Every structure is written in structure tokens, then in C-alpha cells.
Amino acid sequence: MDRYDAQQIESKWQQVWADAHAFEVPNPAPGETDLRPKSYVLEQLPYPSGTLHMGHMLVYTIGDVVTRFRARNGLNVLHPQGFDSFGLPAENAALNAGGPPRETTERNIEHIKRSMRRAGWAYDWTRELSTHKPDYYRWQQWQFLRFFERGLAYRKGAPVKWCPNDQTVVANEQVQDGRCERCGAEVESRLMEQWFFRITDYAQALLDDLDTVDWPESIKARQRNWIGRSEGAEIMFRIEELGEDVPVFTTRPDTLHGATFFVLAPEHELVERIDSEEVRDYVRRTGAKKTAERAAAAEKTGVFTGLHAVNPVNGERLPVYVADYVLTDYGTGAIMAVPAHDQRDFDFAAAFELPVRQVVKPPEADVDESVAYVEHAEGEVLVNSAEFDGLPAPEGGRRIVEKLEAEGRGRFAINFRLRDWGFSRQRYWGSPIPIVYCDGCGIVPVQDEELPVLLPEVEDYRPKGRPPLAQVEEWVNVPCPRCGRPAERETETMDTFVDSSWYFLRYCDARNDEAPFDRTAVDYWNPVDLYIGGVDHATMHMIYARFWVKVLNDMGMLGFREPFARFYSNGWVTVGKVKMSKRAGNVVGPDHFIERYGADACRLNILFLGPANEDMEWTETSVEAMARFVRRLWRVVNEVAEQAPSGPPESGELARKAHRTIAKATDDIGRRYAFNTAISAVMELVNELSRDTGGRDARFAAETAVSVIQPYAPHVAEELWERLGHERLWEQPWPAADPALLEVDTVEVVVQVNGRIRDRLHVAPDTSDEELVALARRSEKVQAYLDGGEAARTVVVPGKLVNFVT
RNA sequence: GCCGGGGUGGCGGAACGGGUGAGACGCGCCUGCCUUAAAAGCAGGUGUCCCUUCGUGGGGCGUGCGGGUUCGAGUCCCGCCCCCGGCCCCA
């Protein structure tokens, strides 16, 4: 027997697969139907900002196991791969490396592709895409123009989060604890003109359709959190001195009579009309505050404006304050303050000595205005609320809104936390936005025939506050597409989340140069049957992509409403319980381990560490263990190949074990996504096989072990399959377990007396209940415990136990 | 605060519609074989405590804590404790 040589075997089979175009999956030709059901298996594509790490190893191996398993189970499987190559990570990587982003990015892509091939992942590379390539972003620009025509992409001035380090606007979602998610710098608030997608139009649909997808509950919960739907009312207050109506949103219209003051956010548009040095000073100070400071402030701050707001329900004049505990980007940026029933209002009232008036009273309690009553109790009623006194609070709230509605001063309303998606970036490395600004015509879209608007090569792409593209005069200055007079191009670029909002559609028709994709192709493959990726993309990317698909569906470009029918979220790979990440500086790459132990051992290892949807601890000893297992498999199967006779199995215990292994692995991979336990099952089989490698059953067991481990360790499986006298394992049907052979010859049946085990019987699995009881009763040990008496009740679980209850 | 997910040996983890003896599989550790030696490999042992005429012997306790349902609970119910993650001046 020759020695196991991972490198030699793996490169051999990788070459065989490439030559055979083994994983290339053409779209069905027009008019033809593939009889196999389709399956679209997709993993989130990588940012080529460096090399692969163990997190990638995990996600891509999961996808690969499922792909290979499904292909052998008669499905037509699409499994493409590409690169999310635009955006800040790639650009920052280029800045660090000191070259142009295109060069570093493309170098990284080549490196990653080599690693991916070396790992043996079965991709259809004919569909490869990179989002920084003009043939990709051309169609993104095209789709942007369709969004723009429909008013779904628009420009507005808005307070935005500005990262002083990256010198760009970042999305709210990219801010963590007041810091830039990418670089960790504290973000500032600025008012800027921005491009937005009108995702809020789809808030309700995004919420409702979560019920139609098969995702982990935790991921759905995150999206629901993010969308943040709350029901309440919008109530109109008149600012007396300005003669302006200001709406407020409240979830507690029942407490309207308890409003004792009124607060505007410092950024509220009315604030600049207030002629007060004190107010201007406060707004200035607040603006200088970092978002994080503002949220963390223990003491409520604010300033009286001299204005008054009229409460529409009772005509009371409430003093108007400006205070930064009211946020400009939630609700309407103004609130009615009810200190008796809101902790924040209560704190503010305490600091500014404002009155507190309780209007909701829990049953059997006196009115107590020394604390805020914010919880809810069954049977609470309204007090101090004029004609609504005594009504249960929920009903009272309803009646109050109805009354205001009749007067045109209020209505039931639903508010979402979700904001429109600001997607323009003041950076270089992204898709240009195909827009031209003309003094005469305003915002003018670039004509479809002019696409793509190519990203020009620039000398200096470092961010300086102004978009780097603004410095490229020969690029910026163009004639207006509408009137032909001198005009200027949009110099901001698109957020990389735009790129990843539709890449899974492009894979279906990746070489189309007449449209983003053909609807037939996209409708054939989609929705993605299994989407695999990290929880970190559960909110942003996966909400944007859902939005994108809904819009395209409304445009009639595709025939489905949800992109990802099922989502599998992989856990983190940890080192000493710390997430493996660039930031933590504990990244271990697969390349070194693949070189040392082989891709098969590494693939097995990453899935054997634990359940793939939970965090798993990386240890080097476990790779060694898997390398040991592969060598053991190699030795045992080679032995069988050399000495075991061919011929139909004899259905002995070893053959039965093989059938049980098939059954377990099929269920573990196909239904449960329990990748670790399927490996254990094969290990058990190999352990048993190693004790007896000589018979026909041994040959069958060896073939089974090789066949079942193939999705995990495809190279060594293919080599051993060949040595067992067969070929092209990757195309062989997945083995089927014979139900008749799943049972062992004899089973051990436990005999209990009152739930205590007293004896064991060894019987055939199909022994009848009556027979079991008779056998059990005959046992001396049981007799002793029954003590001559009779069982009041006898419980029989066939093949498992007999329990006498006295 | 609200929401989601978890607590099982020295470690990672099994036990998948309550059905035996929990702890599969692997790591680590211990003993032995092979070897001049090492590596690799092979065989066996490994929750815990007690009794033992040491026998492939007997028994108690064990799945975060306290109750409960059941002939039978890691699994179901009630009440706690702790850990991880998400959204939070969200009006």
C-alpha cells in the first residue's frame, strides 16, 4: 500500500474535475426542461480585502457539502462564486498596501481564487463576477436609473453620520455605539445632500414577508427589530407664536391629557426660526456633541424657547423646549411630553421643574405623581382626562384619537424605525452614480446607451472630504444629456451594499450584455434555496437585497418577492472564545493548514468542530485529528480494496452498520444540516470496518464510507473510489439505506420494575409485545423485585423496554 | 427595558416527535504492545462516590438551581440564577 499523499491526490482530482467541467451548470436551453428539480445554493461572497480566513473556510465548506450532496441526490444545483470587490474594505486595503485599488483588489481576487480551488470547493466558475468590473456595475447603474424614474432613488438634505477618519458618510447601520463600524473613529453628525433609496415604502412588506421565508427565528427577530414597527397616533399641535402645525407621533394617545410640555429635537426644521440666542447656542453645543455622548448623557439638557404648543384635546398651552433627548430621525422629531407616563419626560420635568399630571391610574392604586407610571396593568383607567375619565386606558386612547380625527387634528398612525437607505459615498472605489447636474435642467439621468459610466483611473484617490472624483475635471465636465450645455457629473459613488443587493440575480445570467439578466433564467433558479452566511449581515445586506427584489418584482423584472427562501447562519470561529477577526488580530488562514494537512482534513475539521450554526473554537489539535482520520480511512479502505472479495454483501452486522450510516448521514446532511454528526457516523463505521476488512460486507462498508464522506473529503474519496474499482464518484447517486437492514440482529430490551432497571433481554427486533412481557416476567431478577406480586400496569416500548409498575 | 439563543465529563460536543444503562464521535490524559529510541500505528481505560468474597460483581449520586407532571424527564410545565447576541433616550 502506498503512503497517503494529500497534495498529490488533491491536485490530481482538482485537475480531473476542471477537465471534466464537473461543476459547470448551464441554464436550461429555451424550450427545454430539466427534469431534475433545481437547487440554488449560495454563500455570501467575500470582500477581497485580504486572504481567506477560517470563517470563509466554514461558510464555503458548508455550501460545498450541501452542493455535492444535492447534486448526487438528483438535483440540478447552481453553486456560483464571485467577489464583492468595490467598497471601503477593498479601498482601505489598497491604501494600506499603497497601490491603486484596482491592482490590489485584482491581486487579492487571484490569490483567493487559488485558495478556493485548492480547498476543492465545487463552483461553477463560468458565472464568476466581480462587482468592480464595468460589465457588472453597468447593469447596476441601469437598475439605479429605473429606481430613479420611479422616484425610489432620490436626493435630499439630511443629517448624516460622517466618519472623520474615512472622510465619508456612513449609513446609520454602519455606526456602532457612535463609532464607525469600519475604522472605529467617532462619527459626527452633519447635514448633507445625499442619495436615498425609498426603502421605507416597503417597510410593511419587508415585515410581512418574513413570515414566508424559512430563516432562523433569531434572524427574523433582528429584522423585525430593525424595521421597528410601532402603532400609535399622529397628533397635530399648533405652535401658537409661529402659527405652525407640528405633528407628533405617540404610542400613548391615552396619555394626551397628561402632556405638560412639548419638545423639539435640536435639528427640527422649526428650530432655526426661533429668534433666541439661548436656543441657537444650545443647538450649536448639541451639534458639537458626538452622537455617543448625546445618548450616554445622564442628565437631560434643554432650553425653553419662549413658544407654546396648543394641546388639541383640551386647548392647554404647553411650553415648548428644545432638548437633545428627542431624536430628529425618529417619528417626527417632536414630541408631546407626558412626564407622568414616560421616564425620559419625567426626568426632564424633574430637571426643569415642570408639572407632572397622572392620567392613567392602575386599579386599586391612588394617583401618585412622584414617579413615572410607565408599565401597564390590567384594568387601568383614565383620570384627569375630562370626558374620558374612567375609561379603560386602551379604549380611552382610541376614543381620544377618534375625537381628534373628527376635528382633523389627529389620526391613527404607524411609525417605523427603519429609515430610507442613504447609499451615496464620498469615496473613490465604488460604482459611479449615473447622474449629471445641469444648471438649467437640474438632476438629469445619464442615457441608458451611455452606460456604463466608467470609474476613471485617478492618481490620488485618498478621501479628503470632497469626493475624489470631483478632482477629475475631464471626467466631471460633460454636456447635459438633456440640453447639451456644460454640466457636471455626480461625483459620489454607490455604497457597496448596492452591489450585493442583486449579485445573486446576476449569477443566473452572468454574461448577459443586453440586460442585467434574463427574467427566465432568474425565475428558473430563484429564490435561493439555501443562503449561507454570517449573522453580521442579517440586517443590512439581507434587508437591502429583499427590498431590491421587491422593487424589481414590482417592475415586472422577475417573478418572486423574496430572494432567500432559506437562510442558514453559520457561527463564528473563535480563538480562546474571541471571535476570529482582523480587528482582534487572531486570524488563522486555511492556506497553511491545507498545505500541511490537505484540503480534505481541513474541510472535515471545520465541520467537525461543532454544530456549524453555532460558534466553534479553533484548535490545531483537531486538524491533526482529522488528518489522522483521513489516513485511517486511507489505510483501511486500501486494505479492503486489496483483499476483500467483490460480490453482493452478506447482510451481516457490518453491512447493517453501513446501512445505518447511510441513513444517519442522509438525514444529518439533507434535513438537519448537522454536519458534525454525519462525520461521527462515518467514523463509527470506519472503526468497525477496521476490525474486519476481509469479507464482502467489508467491501460494501468501505464503499459506503467513501461514498458518504465524499461531500466533505471529495479528493480522497474520489481516489479511494477508484481504487475500489469504480469511477466518477461525484456523479454517482447518493446511496440509499435499505430499511430492512437498518435494524441490528438482536436488540437489548431493558426490563424495569417501577422504572428501575432490573434485567436485560437480548431478543430479535421484531419480538412481539406479548412475548416480551412473557420473557421479562420469567426473569429471576424481575421475580425478586416483583416479590410474588402482580404488576398493576405494564408498559412496553417495542425494541426498547418493558416496565412493570406495581 | 424589550427581543432572540444557550447552560451536559478535564475540553469540543452526542442523545433529532419523553423510552434502557446519559456522555456517541473526537481531543486530552493514563496503561500496554510495536521500536535501540522517537514519530506514526495498534489494543485497552477514562463522570463521580461507596461496598466488594475483586468476578464480564453490586449499589448511591449525577445534564445551572428549586419545584411539578409522568410508569419513566437532559428532553414537557412553573419559578429562579447565570452566560452570549440583537435593538434601545424609538416617544
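Chain naming here is simple, since letters A, B, ... match the order of the sequence lines and numbering starts at 1 in each. Computed from a predicted model, the values in this text were never measured in an experiment.
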message = Does this structure show an ion pair linking A:E217 with A:R224, if we count only N-O contacts that are shorter than 4.0 Å?
response = yes

Nearest-nucleotide comparison on RNA chain B, the residue closer to the 5′ end among A:A334 and A:M616 = A:M616

task = Rounded to whole angstrom, note down the P distance from B:G60 over to B:C3.
result = 44 Å

query = On a whole-Å scale, what distance lies between the C1' atoms belonging to B:G13 and B:U8?
reply = 9 Å

message = Using atom P in both nucleotides, what's the gap between B:U36 and B:U46 to the nearest angstrom?
response = 32 Å

ask   = Any side-chain donor-acceptor pair under 3.5 Å between A:D668 and A:Y673?
value = no

key: Distance test, side-chain N/O of A:R222 to OP1/OP2 of B:C87, below 4.0 Å   = no

ask   = Closest heavy-atom contact between A:L382 and A:D254?
value = CD2-O, 3.6 Å

message = What contact category does A:N415 fall into here, base, sugar-phosphate, or nothing, at under 4.0 angstrom with non-hydrogen atoms?
response = nothing

ask   = Between A:I219 (CD1) and B:C87 (P), how many Å, whole number?
value = 12 Å

inquiry  = Any donor-acceptor pair under 3.5 Å linking the side-chain atoms of A:Y282 with those of A:T301?
reply    = yes

ask   = Please give, in whole Å, the distance from B:A91 C1' to A:F416 CZ?
value = 16 Å

query = Is it true that A:D245 and A:R409 make a salt bridge, defined as a side-chain N closer than 4.0 Å to a carboxylate O?
reply = yes

key: Shortest side-chain distance from A:P611, nucleotide among B:A91, B:A14, B:C89   = B:A14

request  = Let me know the distance between CG of A:N613 and C1' of B:G12, rounded to the nearest Å.
outcome  = 15 Å

ask   = What's the base orientation of B:G9: syn (chi within 90° of 0) or anti?
value = syn

key: From B:C89, B:A15, B:A91, nucleotide with atom closest to A:I335 side chain   = B:A91

key: Any donor-acceptor N or O pair under 3.5 Å, side chains A:D615, A:T574   = no

key: Separation of atom OH in A:Y673 from atom P in B:A14, rounded to whole Å   = 18 Å

request  = May I ask you to decide whether A:E316 forms a salt bridge with A:R357, counting only side-chain N to carboxylate O separations under 4.0 Å?
outcome  = yes

Separation of the C1' atoms in B:G47 and B:G23, to the nearest angstrom = 8 Å

Side chain to side chain contact (heavy atoms under 4.5 Å, CB included) partners for A:R229, two or more places apart = A:Q204, A:L207, A:E231, A:I414, A:F416

request  = Find out whether A:V751 and A:F804 are in side-chain contact, i.e. whether some heavy atom of one side chain is under 4.5 Å from a heavy atom of the other.
outcome  = yes

inquiry  = Is a donor from one side chain sitting under 3.5 angstrom from an acceptor on the other, for A:Q223 and A:T539?
reply    = no

request  = For B:C34 and B:G44, measure between their C1' atoms and round to the nearest Å.
outcome  = 15 Å

message = Between B:C50 and B:U31, how many Å separate the two P atoms, rounded to a whole number?
response = 23 Å

remark   = Which of B:C89, B:A15, B:A14 is nearest the side chain of A:L327? It is B:C89

What protein N or O atoms touch nucleotides 5-7 of chain B N or O atoms at under 3.5 angstrom, if any, and at what distances?
none

remark   = With sequence neighbours left out, the residues meeting side chain to side chain contact (heavy atoms under 4.5 Å, CB included) with A:F352 are A:Y321, A:F348, A:L354

task = Output yes when A:E684 and A:K664 qualify as a salt bridge under the 4.0 Å nitrogen-oxygen rule, no when they do not.
result = no

request  = May I have the distance from A:F629 (atom CZ) to B:A24 (atom C1'), rounded to whole angstrom?
outcome  = 14 Å

query = Hey, is A:R631 close enough to A:D600 for a salt bridge, meaning N to O under 4.0 Å?
reply = no

inquiry  = Taking atom types as they are modelled, would you say the side chain of A:R671 forms a donor-acceptor pair with the base of B:C16 within the 3.5 Å cutoff?
reply    = yes

ask   = Taking OP1 and OP2 of B:A91, is either one under 4.0 Å from a side-chain nitrogen or oxygen of A:R417?
value = no

query = Given the rule that a pair is Watson-Crick or G-U wobble with both distances under 3.5 Å, how would you write RNA chain B in dot-bracket, using | for pairs to a different strand?
reply = (((((((..(((......[.....)))((((((.......))))))(((((.....)))))..(((((..]....))))))))))))....

query = Considering only the P atoms, how many Å lie between B:A14 and B:G67, rounded to the nearest integer?
reply = 29 Å

ask   = In whole angstroms, how far is the C1' atom of B:A91 from the CD1 atom of A:I414?
value = 16 Å

query = Which is true for A:D667 with a 4.0 Å heavy-atom rule: it touches a base, it touches only sugar-phosphate, or it touches nothing?
reply = base

query = Where does B:G55 fall, syn or anti, if syn means a chi angle no more than 90° from 0?
reply = syn

inquiry  = Donor-acceptor check, side chain of A:R222 to backbone of A:D536, threshold 3.5 angstrom: yes or no?
reply    = no

ask   = Tell me: CG of A:L318 to C1' of B:A91, nearest whole Å?
value = 15 Å

task = Establish, from distance only, whether the side-chain atoms of A:N415 and A:Y330 form a donor-acceptor pair under 3.5 Å.
result = yes

task = Could you check which of B:C87, B:C16, B:C89 has an atom nearest any side-chain atom of A:N225?
result = B:C87

request  = Using a 4.0 Å heavy-atom cut-off across all strands, classify A:P216 as base, sugar-phosphate, or nothing.
outcome  = nothing

inquiry  = Say we look at B:G66 and B:C71: how far apart would their P atoms be, to the nearest angstrom?
reply    = 23 Å

ask   = Does the side chain of A:S680 come under 3.5 Å of the side chain of A:T677 through a donor N or O and an acceptor N or O?
value = no

query = Is the NZ or CZ atom of A:R417 positioned over A:W226's six-membered ring, under 6.0 angstrom from the centre and within 45° of the axis?
reply = yes

key: Annotated protein contacts, base or backbone, on nucleotides 25-30 of chain B with a non-hydrogen cut-off under 4.0 Å, one of B, S, - each   = BSSS--

query = Which whole-number value in Å describes the distance from A:Y330 OH to B:C87 P?
reply = 16 Å

For nucleotides 69-72 of chain B, print each protein N/O atom paired with a nucleotide N/O atom at under 3.5 Å, atom names and distance only.
| from | atom 1 | to | atom 2 | distance (Å) |
| --- | --- | --- | --- | --- |
| B:C71 | OP1 | A:R793 | NH1 | 2.9 |
| B:C71 | O2 | A:N803 | ND2 | 2.5 |

